[in-house]
Amino acid sequence: MSRADFIASVTGGLLSARHRKAEVVGLTAEGDRVAVEVRGEMVFPDRVYRNEYHNLLIVRDGQIVSGREYMDTRAAAEAFPA
């Protein structure tokens, strides 16, 4: 999936949620690396999507220059079948 296709897919999904919640449950910073643990929930008309995420961010000069997100792919696949 191209970057543009991924962004369009995620944006479309987020915009159709009736309710979105993200709770930071852990945060660690060392040097230019920041690790964030998040519990998320999105409520759609036909389903509720819950997942836990780990984000690893690289911060330089006060801006995020790189980021990776890890999640439970089974929870995502069940909420958003192909």
Side-chain angles (χ1 to χ4, degrees):
M1 179 181 282
S2 73
R3 177 185 171 117
D5 289 342
F6 175 77
I7 290 171
S9 172
V10 170
T11 301
L14 292 175
L15 293 177
S16 66
R18 290 182 178 169
H19 172 75
R20 294 176 295 278
K21 178 172 75 171
E23 175 189 6
V24 175
V25 295
L27 182 68
T28 303
E30 183 176 317
D32 63 354
R33 297 164 61 97
V34 179
V36 185
E37 296 173 85
V38 179
R39 283 192 195 112
E41 178 180 272
M42 288 191 278
V43 178
F44 296 90
D46 60 341
R47 66 193 176 281
V48 176
Y49 169 53
R50 291 183 185 91
N51 210 329
E52 295 190 15
Y53 307 90
H54 175 269
N55 293 280
L56 180 59
L57 309 172
I58 306 298
V59 179
R60 292 194 186 111
D61 298 322
Q63 295 188 5
I64 298 170
V65 297
S66 177
R68 290 186 180 201
E69 180 175 82
Y70 302 90
M71 68 178 128
D72 180 347
T73 55
R74 179 174 291 190
E78 289 174 355
F80 304 102

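Nearest heavy-atom pair across Arg74 and Asp72 is N-OD1, 2.9 Å. The minimum heavy-atom distance between Pro45 and Ser16, with the atom names listed, is CD-O, 4.0 Å. For Ala35 against His54, the heavy-atom pair with the smallest separation is CB-NE2, 3.6 Å.
One distance of note links CG of Asn51 with OG1 of Thr73; it measures 8.5 Å at 0.5 Å rounding. Interatomic distance, CD1 of Ile58 versus CZ of Arg33, reported as 5.0 Å (0.5 Å rounding).
In this structure, the salt bridge (Lys or Arg N to Asp or Glu O under 4.0 Å) partners of Glu52, at least two apart in sequence or on a different chain, are Arg39. For Glu69, the side-chain contact (heavy atoms from CB on, under 4.5 Å) partners at least two apart in sequence or on another chain are Tyr53, Asn55, Met71.
Phe80 and Tyr49 have perpendicular rings, their planes meeting at more than 60° on a 0 to 90° scale where under 30° would count as parallel.
More than 12 heavy-atom neighbours from other residues, nucleotides or ligands sit within 6.0 angstrom of CG on Asp46.
Judged by distance alone, the side chain of Arg68 and the main-chain N or O of Leu56 form no donor-acceptor pair under 3.5 Å.
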Got a list of side-chain donor-acceptor pairs under 3.5 Å for residues 17-29, not counting sequence neighbours?
{"unit_1": "Arg20", "atom_1": "NH1", "unit_2": "Leu14", "atom_2": "O", "d": "2.8"}
{"unit_1": "Arg20", "atom_1": "NH1", "unit_2": "Ala17", "atom_2": "O", "d": "3.3"}

### Query
Passes side chain to side chain contact (heavy atoms under 4.5 Å, CB included), Val48 versus Met42? Steps please.
CA-CA 6 Å; Val48 176; Met42 288 191 278; over 6 Å; no
